[in-house]
Amino acid sequence: MTILLSLLAFVVGWVWNTYVLAVDLDGSNPGPGVETIATADGRPLNNLFWLLSFSLVSGLIAYGWQRGWRSMFGDLAVLPRRFGQTMSHNTRGAFAMLLLGLSISLIISIFVPSAVSLALGLVLLILAATPLGTIINFAFIKIWKALTGNEAPSGGMVAVLVAGPFLVMLGEAAGLLLDWLFASLLVGLILGVVAAVASVLLGRGTSPSPGATAGILIGLILALSELSAGRAWADDGGWKECNTPDGVPCSDLGIGGLYAWCSSEGADALIASGAMGGGFAGLGAAIGIGLGSVAASLAMGAQG
């Protein structure tokens, strides 16, 4: 079953990836500044999008199949419930933890493509309530406690710090999804720095001065203005540029146009790039099925 599902994931990923390259990007070599999920030329890290996305989907399917769909949705419902409980203890501290995670992921995301940010953000969102959050975020929370003077917390802050890894990972997931939404290095960097400063200030129980607030707003406006930059589009292997030797557009020939496109210039490289994404999708499906089954077994063992 794992082999069959991995083959299905490969086909789906290949077709999907090829469609994005040929139709959306109009070629396998998009210009600089073009954000895409496809495994286009010069985008080797986008393979991680297909690996992580299909790992997540297949992992959830395997988990729900083995544990039971109702139990799976009940486990996922823990996330909003636990978030609400933590917010009720100390809202300021909880927001500080969220902003800490937001700043970490936004700053780190400047080194990865936005497509990877999307997939990784969804993965972290699902894994937020697992022990993985404690392992990943232990050092970050330790540094934050030293900066804010919360080494010996009291009151509601104790409960917030106990749930700190969970909140930080939620913030990290939100930051990665924001990076995917804006797809701008400058926006991510500025928002990350702003979130880090705000997190420390909230942790100390202070608020930014009017001058600092104005500076932050001006910085955000300048950053957001970068989003209006133009984008270039490639034409190698693109569907819109495909014509038969007689000059008839491939798009006017129905199914026959698809055959003509396959033999057109640049289509072979594009199809090969699409297959690369399909291969990582198939690998991700196999990994996700294994991890989902293990997670379901652990959950049922803990419940029993």
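Along the sequence shown, residues are numbered consecutively beginning with 1. Predicted model, so just to flag it, every value in this text is computed and none were measured.
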Heavy-atom pair of closest approach, residues P165 and N137: O-ND2, 3.5 Å
Listed once per pair and sorted, the side-chain hydrogen bond (donor to acceptor under 3.5 Å, both in side chains) pairs that draw on residues 112-124, sequence neighbours left out: E35-S114, S117-D179
Derivation and outcome, side-chain contact (heavy atoms from CB on, under 4.5 Å), residues L5 and I289: CA-CA 9 Å; L5 290 177; I289 291 171; 3.7 Å; yes
CE (M276) with more than 12 external heavy atoms under 6.0 Å: no
Residues in side chain to side chain contact (heavy atoms under 4.5 Å, CB included) contact with A174, at least two apart in sequence or another chain: L102
Atom pair CZ/CD1 of F138 and I143 - distance to nearest 0.5 Å: 10.5 Å
Any residue meeting side chain to side chain donor-acceptor pair (under 3.5 Å) with T148, in chain and number order, not counting sequence neighbours: N150
Spatial distance of atom CZ (R43) from atom CG (L21) [nearest 0.5 Å]: 10.5 Å
Closest heavy-atom pair and its distance - G164, I141: C-CD1, 3.5 Å
Shared-cluster residues of I135, by chain and number - hydrophobic side chains joined below 4.5 Å: none
Nearest heavy-atom neighbours spanning G175 and L106: O-CD2, 3.3 Å
G284 to S55 - nearest heavy-atom pair and separation: O-OG, 2.9 Å
Residue list, side chain to side chain contact (heavy atoms under 4.5 Å, CB included) with R70, at least two apart or on another chain: none
Exam field: side chain R82 to backbone L167, donor-acceptor pair closer than 3.5 Å: no
Check against side-chain contact (heavy atoms from CB on, under 4.5 Å), L98 and F83: CA-CA 10 Å; L98 288 171; F83 176 74; 3.6 Å; yes
Closest heavy-atom pair and its distance - A9, G282: CB-CA, 4.0 Å
Shared hydrophobic cluster for I107 and L124 (ILVMFWY, side-chain gaps under 4.5 Å): no
Result of checking N17, N47, N46 against T39 for side-chain hydrogen bond (donor to acceptor under 3.5 Å, both in side chains): N17
Stepwise side-chain contact (heavy atoms from CB on, under 4.5 Å) test for L60 and L56: CA-CA 6 Å; L60 288 174; L56 177 62; 4.2 Å; yes
Listed partners of F10 passing ring pair (Phe, Tyr, Trp, His ring centres under 6.0 Å), at least two apart: W14
Shared hydrophobic cluster for L4 and V12 (ILVMFWY, side-chain gaps under 4.5 Å): no
Set of side chain to side chain contact (heavy atoms under 4.5 Å, CB included) partners for A286, sequence neighbours left out: T2, S6
Within-4.5 Å side-chain heavy-atom neighbours: D24 and T36: no
Residue pairs, two or more places apart or on separate chains, that pass ring-ring contact (aromatic ring centres under 6.0 Å, His included) and touch residues 38-62: W16-W50
Heavy-atom donor-acceptor pair, S88 side chain to Q85 backbone, under 3.5 Å: yes
L178 side, atom CG; S105 side, atom OG - distance, nearest 0.5 Å: 8.0 Å
Side-chain heavy atoms of I287 within contact of L51, under 4.5 Å: yes
Backbone N/O of A195 and side chain of S103: donor-acceptor pair under 3.5 Å: no
Joint cluster assignment, L283 & L291, ILVMFWY side-chain distance < 4.5 Å: yes
Test side chain to side chain contact (heavy atoms under 4.5 Å, CB included) applied to P44 - qualifying residues, sequence neighbours left out: none
Partner set under side chain to side chain donor-acceptor pair (under 3.5 Å) for S273, not counting sequence neighbours: none
CZ-CG distance between F111 and L45, expressed to the nearest 0.5 angstrom: 12.5 Å
Residue pairs fulfilling disulfide (SG to SG under 2.5 Å) with at least one residue in residues 92-121, sequence neighbours excluded: none
L122 CG to S53 OG distance, which is reported to the nearest 0.5 Å: 7.0 Å
Co-members of the apolar cluster containing L7 [side chain, <4.5 Å]: I3
Same apolar cluster (I L V M F W Y, side chains within < 4.5 Å links), Y259/V15: no
Where A128 and M169 come nearest, the two heavy atoms and their spacing: CA-SD, 3.5 Å
Residues I271, W261; criterion side-chain contact (heavy atoms from CB on, under 4.5 Å); working and verdict: CA-CA 11 Å; I271 293 171; W261 171 79; 3.8 Å; yes
Distance in Å, R67 CZ paired with S297 OG, rounded so as to fall on 0.5 Å steps: 10.5 Å
Min side-chain heavy-atom separation L170-L125 under 4.5 Å: yes
